[in-house]
Amino acid sequence: MNQESLKLRERLYIVEVAQGLAITARHFFANFSRHAARSLGFKVGKGGTVTIEYPEERRPYASRLRTRHRLMKRKDGSPRCVACMMCETVCPARCIHIVAMENADPNIEKMPRVFDIDLGQCVFCGFCVEVCPEDAIRMDTGIVELASYTREGMLYHMPQLLT
Ligand code: SF4
Ligand code: SF4
C-alpha cells in the first residue's frame with residue numbers, strides 16, 4: 001500500500017497507534033486477571049498466556065523432528081557410510097559433498113575421505129536419511145541452534161558429523 005492510498009486518518013498514525021496500544025492493553029489485562037484469579041484459587045475457563053523463557057526453558061521437541069545431521073559409526077569408530085553417493089545425488093539443495101576412498105576392510109569397498117554438509121543451504125527435507133542404504137546418516141541429534149556469524153561456520157565436516 002503506497003502513501004497516496006492511505007486515508008488521512010491512517011497517515012496521521014495517531015489513531016492507529018492508539019488502536020495498537022488498546023489491543024496490547026486488552027491482552028495484558030485479560031492475561032493478568034486470568035493468572036491472578038487462578039493464583040487465588042478461582043476456576044478460570046481459559047488459562048492465561050504462558051511465556052516460555054527460551055533458551056533456559058524449552059518445550060520438548062517431537063521425536064520425529066529433523067534436527068542436525070550425524071554420521072553413524074561402526075564399532076571400530078569408522079564411519080558406517082560406504083560413500084555410495086546416494087545422499088549427495090538425492091539432495092535437492094546440493095549441499096552434501098563427499099569424496100570417496102578405498103576402505104582397508106576388503107569386505108567394504110569404499111568409505112568417505114571427505115563428507116561435508118553445508119547446513120546454510122540444507123532445507124532439512126530428510127531425503128538423505130531416507131535414501132541411505134546403510135543407515136549411516138540420521139537427523140536425530142535434537143540440535144536446532146545452528147546459527148553462525150560466517151558462511152563457513154555452517155559448513156559441517158566429517159569429524160563434527162561423527163560426534
Ligand atoms: S536434509 Fe535434504 S537438503 Fe539437507 S542435506 Fe539432507 S537431502 Fe540435502
Ligand atoms: S547414502 Fe548413506 S552410505 Fe551412501 S554416501 Fe550417503 S551417508 Fe554414505
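Each ligand, and each atom within it, is numbered from 1 in the order the structure gives.
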Is [X] linked to [Y] within one hydrophobic cluster, defined over Ile, Leu, Val, Met, Phe, Trp and Tyr using a side-chain heavy-atom separation of less than 4.5 Å?
| X | Y | result |
| --- | --- | --- |
| Val82 | Ile137 | no |
| Leu155 | Leu161 | no |
| Phe127 | Phe115 | no |
| Tyr156 | Met85 | yes |
| Val131 | Phe124 | no |

For [X], take its heavy atoms, then give the atoms of ligand 1 lying under 4.0 Å from any of them.
| X | answer |
| --- | --- |
| Gly126 | 1 (S), 2 (Fe) |
| Val123 | 3 (S), 4 (Fe) |
| Cys95 | 5 (S), 8 (Fe) |
| Phe124 | 1 (S), 4 (Fe) |
| His69 | 1 (S), 4 (Fe), 5 (S), 6 (Fe) |
| Cys122 | 1 (S), 3 (S), 4 (Fe), 5 (S) |

- Separation between CZ of Arg68 and CE of Met139, rounded to the nearest 0.5 Å: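 Separation between the atoms: 10.5 Å.
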Atoms of ligand 2 close to [X] [distance to a heavy atom under 4.0 angstrom, numbered from 1]:
| X | answer |
| --- | --- |
| Phe115 | 7 (S) |
| Ile98 | 5 (S) |
| Cys132 | 1 (S), 2 (Fe), 3 (S), 7 (S) |
| Cys87 | 1 (S), 5 (S), 6 (Fe), 7 (S) |
| Cys81 | 3 (S), 5 (S), 7 (S), 8 (Fe) |
| Val82 | 3 (S), 8 (Fe) |

Residue and atom name of the nearest protein heavy atom (relative to [atom]), distance in Å to one decimal:
| atom | result |
| --- | --- |
| atom 2 (Fe) of ligand 1 | Cys125 SG, 2.2 Å |
| atom 6 (Fe) of ligand 1 | Cys128 SG, 2.4 Å |
| atom 4 (Fe) of ligand 2 | Cys84 SG, 2.2 Å |

Does the side chain of [X] reach to within under 4.5 Å of the side chain of [Y], using non-hydrogen atoms?
| X | Y | value |
| --- | --- | --- |
| Met154 | Asp118 | yes |
| Ile52 | Arg59 | yes |
| His69 | Cys122 | yes |

- Message: So, 2.8 Å as the limit: is an N/O/S atom of Cys91 located closer than that to atom 4 (Fe) of ligand 1?
- Response: no
- Note on the structure: Short version for Met85: what comes under 4.0 Å of ligand 2, heavy atoms counted, is backbone
- Of the side chain and backbone of Ile96, name the one, both, or neither that has a heavy atom under 4.0 Å from an atom of ligand 2.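 Answer for Ile96: neither.
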- Message: Checking the side chain of Thr67 only, and the main-chain atoms of Val144 only, is there a donor and an acceptor separated by less than 3.5 Å?
- Response: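 A pair under 3.5 Å: no.
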- Looking at Glu102, Arg74, Met101, which hits side-chain contact (heavy atoms from CB on, under 4.5 Å) with Met111? Met101
